[in-house]
Each structure stands twice: as structure tokens, then as C-alpha cells.
Amino acid sequence: MFGDHAERYTSFAESSGPNAHYERPATLRLAGEVAGKQVLELGSAGGGLTEQLAAAGAEVLGLDHDPRLVEIARKRLGARARFEIADLNEPLSMVPSASADLVVASLVLHYVADWGPLLAELRRCLKPGGALVFSIHHPITGWLRSDRADYHRVELISEDWDWDGVTVTGRMYRRPVSAVFTSLLEAGFAIEAVEEPQPAPGVEDPELDRILRTTPVFLYVRAVR
Ligand SMILES: C[S@@+](CC[C@H](N)C(=O)[O-])C[C@H]1O[C@@H](n2cnc3c(N)ncnc32)[C@H](O)[C@@H]1O
């Protein structure tokens, strides 16, 4: 779905309120100091977050399953980062064991139905003490968008987005709060931070700014191997 609108999504995500002024600032803050670190970025899309990680001195390997987005990211970053096509539902065979200081997964884990195999892979890829920082669509908002038949199941839901005048329907997995954290603990991660931050200044649309300040839009987690 992202790849079907690769150019449009990339330019939209560059400056959209939720991406540029809410998601990326919070994710980068939770990532901490990245200079000189080996960073594995999941769902790197057109390289918007990669650009900022690389500018802060990180050595980034970005993974995305869509070849069109990987191509855009490669052109954009040139030699400043590496990108590979990879499906997060499969083993990440291109990533050596204990090679990453940090895994960043910005708004991508809710597209993966079963977190168990992926988290086991991320544990393998991380150095001991390495961190996993991720953001997902907030479970409460997911629940409000679901048919509310059974909170405790992991459930495919959909949402309509306006990307610069084009309506796109995204499908993602809503999971209960306990499933988010139990999956991490079972995979051998310790939870270091859970955040529901306020947006950074700069959201141009006052109504969007109000929504980001007053509703649970995304959930941010930092966990350590
Ligand atoms: C919301 S975008 C991420 C935005 C990005 N972090 C940024 O800052 O621009 C989600 C990305 O995850 C990718 N994705 C979705 N499911 C995936 C999967 N199973 N394996 C790999 N990438 C996936 C999509 O192609 C898309 O590029």
C-alpha cells in the first residue's frame, strides 16, 4: 500500500504533522545518542527517518519490503546509508548476529501479525545491551476503530488517510496493551521507557495539533536486549 503511492507517501511523510512533528522527534529522542552506532531501521520507507539518523552520525541499514520505497531511499541517501529489501515476517538473513547497537522501528510493527518470530530475530541481531525503539498506532485508538467484539484478540483493522488529497486505506494489526509488552518480555527484552508524548512545535493545522495533544495517537517504547 505504501509502495503503490511511493513518491506521494515519501513527500507527504516528509512534512506531515504526525510524522515530522510528532513521530520522528519522539522516536529520535528515545533512540538517544546514535553517533557511531550501528542502527538497524525497520520499515525505512523513503528514508525520512534514515536521513535524520544518518545526519546524527549513525551507520544505518534500512529494511523495507517495498522495492519502490527502497529505491527512493537509496537515491536519496546515496552512500550515507544502506538499504535492503526485506519482509519482517521472514528471517532477516542479511543482518549478522549481534551486529546492531540499536533497532528503530518507526510505525511499522503494527503491520506484522505475529511479533514472536520478529522479536526473536531482533534479539539475535542486537548486541547484548542493545536497544529496540519503536512506535506503533496506539492500542486505544485501534480499539475504538475496531468492531469492539473482543479486546483480547490481535485483530486486523483499517483506517483511511489523506495523503495530499488522495485517500488511502491502510490495514494494520491492533493488539491489546498486554500483548505489546508480554511479547517483548517473552522475547527477552527489558522495558526501559513507555511514552505518550506531546507533539513538537510546528504542526500547522490547529485541529490536527489539538488531536495530537489530546488523543492517544501513537505509543512509543524503548526496550533493551
Ligand atoms: C509508516 S511507514 C514508516 C515511515 C518511516 N519510518 C518514515 O519515517 O518515513 C511503514 C513502512 O513499513 C513498510 N512495511 C510494512 N510492512 C512491512 C513488512 N512486513 N516488512 C517490511 N517492511 C514493511 C512499508 O513498506 C512502509 O515503508
Side-chain angles (χ1 to χ4, degrees), residues 1-31 34 39-56 58 60-77 80-95 102-119 121-122 125 132-138 141-142 154 156-164 168-175 199-200 217-221:
M1 174 263 299
F2 288 95
D4 289 346
H5 305 272
E7 300 280 357
R8 182 180 290 272
Y9 173 69
T10 302
S11 79
F12 169 79
E14 195 62 28
S15 58
S16 87
N19 294 91
H21 302 291
Y22 183 49
E23 200 284 324
R24 281 188 211 125
T27 296
L28 288 167
R29 187 169 38 72
L30 277 178
V34 295
V39 176
L40 178 62
E41 185 191 350
L42 311 182
S44 44
L49 179 62
T50 324
E51 181 90 58
Q52 297 190 7
L53 289 165
V60 187
L61 169 59
L63 304 180
D64 201 286
H65 69 167
D66 194 282
R68 293 159 292 190
L69 286 162
V70 167
E71 194 49 38
I72 289 173
R74 280 182 179 148
K75 281 200 184 124
R76 173 181 188 159
L77 272 292
R80 290 180 292 133
R82 288 188 301 127
F83 296 93
E84 300 281 351
I85 298 166
D87 184 348
L88 301 179
N89 296 295
E90 304 293 333
L92 305 178
S93 46
M94 68 294 292
V95 186
L102 174 69
V103 175
V104 178
S106 135
L107 298 180
V108 63
L109 295 186
H110 43 249
Y111 300 112
V112 176
D114 182 1
W115 281 14
L118 174 59
L119 290 177
E121 268 298 83
L122 299 184
C125 298
L132 164 62
V133 169
F134 68 87
S135 58
I136 53 171
H137 290 188
H138 200 291
T141 303
V154 176
L156 196 58
I157 59 168
S158 65
E159 191 179 328
D160 287 342
W161 299 312
D162 180 343
W163 289 347
D164 291 337
V168 178
T169 302
R171 271 172 279 280
M172 69 287 300
Y173 293 94
R174 169 201 80 77
R175 43 192 19 94
V217 178
F218 301 147
L219 181 70
Y220 303 78
V221 177

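We count ligands from 1, going down the list as the structure has it; atoms in each ligand are counted the same way. Side chains included, hydrogens not; waters and symmetry mates left out as well; all remaining heavy atoms used.
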| field | Under the side chain to side chain donor-acceptor pair (under 3.5 Å) test, residues paired with D164 that sit two or more places apart | value | none
| field | Min side-chain heavy-atom separation L118-N89 under 4.5 Å | value | no
| note | Rounded to the nearest 0.5 angstrom, the CZ-CZ distance for F2 and F12 is 10.0 Å
Which donor-acceptor pairs under 3.5 Å do the side chains of residues 39-51 make with protein atoms, sequence neighbours left out?
{"residue": "E41", "atom": "OE1", "partner": "T50", "partner atom": "OG1", "Å": "2.6"}
{"residue": "S44", "atom": "OG", "partner": "L63", "partner atom": "N", "Å": "3.3"}
{"residue": "S44", "atom": "OG", "partner": "L63", "partner atom": "O", "Å": "3.4"}
{"residue": "E51", "atom": "OE1", "partner": "R76", "partner atom": "NE", "Å": "2.8"}
{"residue": "E51", "atom": "OE2", "partner": "R80", "partner atom": "NH1", "Å": "2.9"}
{"residue": "E51", "atom": "OE2", "partner": "R80", "partner atom": "NH2", "Å": "3.2"}

| task | Could you please spell out the steps behind the side chain to side chain contact (heavy atoms under 4.5 Å, CB included) verdict for E71 and F83? | result | CA-CA 8 Å; E71 194 49 38; F83 296 93; over 6 Å; no
| said: I'd like the contact residues of ligand 1, where contact means a heavy atom below 4.0 Å. | reply: F2, Y9, R24, G43, A45, L49, D64, H65, L69, A86, D87, L88, N89, S106, L107, V108, Y111
| query | Looking at residues at least two apart in the chain, or sitting in another chain, which of them share a salt bridge (Lys or Arg N to Asp or Glu O under 4.0 Å) with R82? | reply | none
